[in-house]
Number of protein chains: 2
Amino acid sequence: MARVGLTPERLARAGAELADEVGFDQVTVSALARRFDVKAASLYAHVRSSQDLRTRIALLALEELADRAADALAGRAGKDALTALANVYRDYAREHPGRYAAAQLRLDPETAAASAGVRHTQMTRALLRGYDLTEPDQTHAVRLLGSVFHGYVSLELGGGFSHSAPDSQQTWTRVLDALDALLRNWPEPTGS
Amino acid sequence: MARVGLTPERLARAGAELADEVGFDQVTVSALARRFDVKAASLYAHVRSSQDLRTRIALLALEELADRAADALAGRAGKDALTALANVYRDYAREHPGRYAAAQLRLDPETAAASAGVRHTQMTRALLRGYDLTEPDQTHAVRLLGSVFHGYVSLELGGGFSHSAPDSQQTWTRVLDALDALLRNWPEPTGS
DNA sequence: CTATTTGCCTATAACCTGTAGGAAGATGCA
DNA sequence: TGCATCTTCCTACAGGTTATAGGCAAATAG
């Protein structure tokens, strides 16, 4: 009865790999058990449920993504920082589609508050210090950037841009140009 | 043995309702069969598979969304049209979260090409006629708008904006201001 | 070197997908 | 009206997934 040496952390890491290979929603306790050549029931000693496993993978992905973002932002400012941060999300999603999908998992408020998700907000806010925005516009801009990054990446990943010209890379470059221009020239509220 | 009168269309409609109630990923053949007080096996006479059912719900949602968008755009131009279209997506997602999630289902290329998805692109393009963009910037702008709408709506739906000030409605208004300003003042490519 | 803890096992129940074949209701045609 | 046929929904079943309960053996502590 050889012991494989399962831990919640190893399961989350292996689950993340599995997600990248077969898709996050195909990650099951059974499939993960097969990967360790172990019975599914054995995994329940380490994770409470299938949902618990997914949450651990999501938290892992959020951490990795935040670490990459922190790396990319170090020593950069302005458009340079904007581009770097944006590319972190896009590249991560392309390298690790399953993990990226996991990072979108809806977490309950306490879990979310304790997750690396908050670092993402903080870093976006730090990036915006290179532009001249004061509250509440800074928060609006944080949300806008999050929306564009996530929206673009998920549409691109879903194949939305792959069957028409011009190619996605060109649009991406121009979108970052546009966001930079917008942040440098953030409009006043309209009268309406 | 009373006949219930199942058809693929009725199943898709009921599936859409079920999705709004319990979430798109909780839509199963079994659950739908229970809703009609019928055995799961019976549904397979009308849909080929669980995946087929999901696809039908996705197509239904895309249609509904395109119809609403066409309605909203009629007789509007410029920022008025931009706001109207944006609100269609946001309102639909809030009213019908399950259907909205369904609309994000990844379709195979042929199905996607035959879906109402293409109408969405066309309408966004029509909206952009109120701004002064030529190709390929128009395509870039279509993709940007799609990204912002989808990204914002999905982050908002995921609860991302609900636990911090200012409230999401204010950000939404300002994001639309910002997009309008950006489209009216679309930047040249940068030299890099 | 025994005693306890830990890790993985078998067994089992419930639910979901999907297929095969059967019976009752609906429909068409004489 | 009566008969044949088709359609609709059924039962039965096989295979996969989640989850719990209880058992035995390996690792570890005193």
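Here is the naming used below: chain letters follow the sequence lines, and residue numbers restart at 1 for every chain.
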- Task: Not counting sequence neighbours, which residues clear side-chain hydrogen bond (donor to acceptor under 3.5 Å, both in side chains) with B/Arg129? List them please.
- Result: none
Using the test side chain to side chain contact (heavy atoms under 4.5 Å, CB included), find all partners of [X] that sit at least two apart in sequence or belong to another chain.
{"X": "A/Thr124", "answer": "A/Leu85, A/Val142, A/Leu145"}
{"X": "B/Thr134", "answer": "none"}
{"X": "B/Pro166", "answer": "A/Pro136, A/Thr139, A/His140, A/Arg143, B/Gln170, B/Thr171"}

- Which residues within residues 6-40 of chain B lie with some heavy atom under 4.0 Å of an atom in DNA chain D? B/Leu6, B/Val38, B/Lys39
- Task: Supply the members, apart from A/Val118, of the Ile/Leu/Val/Met/Phe/Trp/Tyr cluster built from side-chain contacts under 4.5 Å; use none for a lone residue.
- Result: none
Show me, pair by pair, the donor-acceptor contacts under 3.5 angstrom made by side chains of residues 40-47 of chain A, not counting sequence neighbours?
{"residue": "A/Ser42", "atom": "OG", "partner": "A/Lys39", "partner atom": "O", "Å": "3.3"}

- Contact list for residues 158-178 of chain B, test ring-ring contact (aromatic ring centres under 6.0 Å, His included), sequence neighbours left out: B/Tyr152-B/Phe161, B/Tyr152-B/Trp172
- Query: Which of residues 41-60 of chain A have a heavy atom under 4.0 Å from DNA chain C?
  - Reply: A/Ala41, A/Ser42, A/His46
- Message: Salt bridge check, B/Arg119 against B/Glu63: does any charged N sit closer than 4.0 Å to a carboxylate O?
- Response: yes
- Query: Mind checking what makes ring pair (Phe, Tyr, Trp, His ring centres under 6.0 Å) contact with B/Tyr89, not counting sequence neighbours?
  - Reply: B/His120, B/Phe149
Using atom names, set out every protein N or O paired with an N or O of nucleotides 4-6 of chain D below 3.5 Å, distance rounded to 0.1 Å.
none

- Please collect all salt bridge (charged side-chain N to carboxylate O under 4.0 Å, His left out) contacts where either partner lies in residues 104-115 of chain B, sequence neighbours excluded, each pair once. none
